[in-house]
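Read the structure below first, then the notes.
Bear in mind that the values here come from a model prediction, so they are computed numbers and not experimental data.
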Amino acid sequence: QYNELMVSPKSKFKCVTCHDPHKRAKFSIKRKCSTCHAKQAKAFKATPMAKVVVDCKDCHLARASKSAVAISRNEGDVRTHLFKINLDPAAKQFTEDGKNSNPYIISKYACLGCHLDKDAAWAKANGEVH
C-alpha cells in the first residue's frame with residue numbers, strides 16, 4: 001500500500017496522516033476523507049450510492065490489492081491506496097510488463113466489484129452519476 005500511496009494524488013501524505021499506527025487497520029482511521037473533502041462528502045450524501053451505505057473508501061480505496069489470495073475476480077484482500085479512479089474502459093490497471101500498477105484504480109475494481117452484472121462501458125457512462 002505504501003508504494004501505491006507514493007504514486008497517488010496523496011503522495012505527500014505519510015501513513016500516519018490518516019492512520020494511528022498503534023491500532024489495527026480496521027480501527028486505525030484517525031482522519032476521515034470528509035476532514036479534507038467536506039464539500040465532496042456533503043454532495044455525496046445526496047446520492048443513491050450514499051443511501052445504500054456506500055462510503056468513499058468503497059470506490060476510492062477499493063479492494064484492488066492482493067497480499068495473499070484474491071477474494072473474487074474483481075476484488076483483492078487489501079484496500080488500494082491509489083485513490084484516483086480512471087473510468088476509461090481501455091485503461092489498464094497494470095503497466096505493459098505487468099510489474100507495476102498504474103497510478104489509478106480502474107472500474108474493474110472501483111465499480112465492478114459490486115456491480116457484477118455491468119461492464120466498463122456502463123461504469124464510464126454512470127460513474128459520475130453514482
Side-chain angles (χ1 to χ4, degrees):
Q1 292 165 315
Y2 179 77
N3 290 337
E4 293 172 345
L5 181 64
M6 292 300 99
V7 298
S8 82
K10 311 291 185 207
S11 62
K12 302 288 186 223
F13 282 22
K14 296 192 179 336
C15 300
V16 296
T17 303
C18 300
H19 294 276
D20 179 339
H22 300 108
K23 295 183 178 178
R24 290 183 58 210
K26 184 176 180 178
F27 305 105
S28 74
I29 303 301
K30 67 179 191 180
R31 182 184 287 188
K32 294 185 176 192
C33 304
S34 59
T35 303
C36 298
H37 300 282
K39 183 178 174 182
Q40 294 90 333
K42 183 177 179 182
F44 182 74
K45 285 183 180 180
T47 67
M49 295 292 279
K51 288 178 177 42
V52 295
V53 197
V54 170
D55 195 9
C56 305
K57 71 180 179 302
D58 296 322
C59 305
H60 291 278
L61 290 152
R63 293 188 181 277
S65 300
K66 185 175 88 165
S67 67
V69 179
I71 293 172
S72 70
R73 182 186 66 181
N74 295 346
E75 189 175 9
D77 61 343
V78 177
R79 291 197 180 278
T80 186
H81 281 64
L82 293 168
F83 299 98
K84 183 178 178 184
I85 299 171
N86 184 340
L87 294 178
D88 180 348
K92 303 289 185 206
Q93 187 64 57
F94 300 100
T95 56
E96 287 299 317
D97 62 11
K99 292 181 180 180
N100 297 297
S101 176
N102 284 310
Y104 48 74
I105 308 163
I106 62 170
S107 62
K108 175 181 178 180
Y109 302 106
C111 309
L112 306 179
C114 294
H115 298 280
L116 299 172
D117 60 332
K118 307 296 184 194
D119 62 14
W122 174 88
K124 171 119 176 111
N126 294 280
E128 295 300 317
V129 178
H130 297 301

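In this structure, the side chain of Asp55 does not engage the main chain of Asp58 through any donor-acceptor pair within 3.5 Å. At least one donor-acceptor pair under 3.5 Å links the side chain of Asp88 to the backbone N or O of Ala90. Formation of a donor-acceptor pair under 3.5 Å by the Tyr109 side chain with backbone atoms of Cys59 is not found in this model.
How far SG of Cys33 is from CZ of Phe83: 7.0 Å, rounded to the nearest 0.5 Å. Once rounded to the nearest 0.5 Å, the distance linking NZ of Lys10 with OG1 of Thr17 reads 11.0 Å. Atoms CE and NE2, from Met6 and His81 in turn, are 10.5 Å apart once rounded to the nearest 0.5 Å.
Contact check for Lys32 versus Cys56: no side-chain heavy atoms found under the 4.5 Å cut-off. Side-chain contact check for His19 versus Ile29: some heavy-atom pair is nearer than 4.5 Å. The shortest side-chain heavy-atom distance between Ile105 and Asn86 does not fall under the 4.5 Å cut-off. Within the 4.5 Å cutoff, the side chain of Lys57 has heavy atoms near those of the Arg79 side chain. Within the 4.5 Å cutoff, no side-chain heavy atoms of Ser8 are placed close to those of Lys84. Using a 4.5 Å cut-off on side-chain heavy atoms (C-beta onward), Cys111 and Leu87 make contact. In this structure, the side chains of Asn100 and Phe94 stay at 4.5 Å or more apart for every pair of heavy atoms.
Around atom NZ of Lys30, more than 12 heavy atoms belonging to other residues, nucleotides or ligands sit under 6.0 Å away.
Taking all atoms of both residues into account, the shortest heavy-atom contact from Gln93 to Tyr104 is NE2-O, 2.6 Å. Closest approach of Cys15 and Tyr2 over heavy atoms only: SG-CD1, 4.2 Å.
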- request: Take Ser107 and Lys118, measure what side-chain contact (heavy atoms from CB on, under 4.5 Å) needs, and give me the verdict at the end.
  value: CA-CA 10 Å; Ser107 62; Lys118 307 296 184 194; over 6 Å; no
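Screening Glu4, His60, Gln1 for a side chain to side chain contact (heavy atoms under 4.5 Å, CB included) with Thr80, the sole residue that qualifies is Glu4. Each of Leu5, Val7, Ile106 was compared with Leu82 under the side chain to side chain contact (heavy atoms under 4.5 Å, CB included) criterion, and only Val7 meets it.
One hydrophobic cluster, built from ILVMFWY side chains closer than 4.5 Å, cannot hold both Phe27 and Val16; they sit in different ones.
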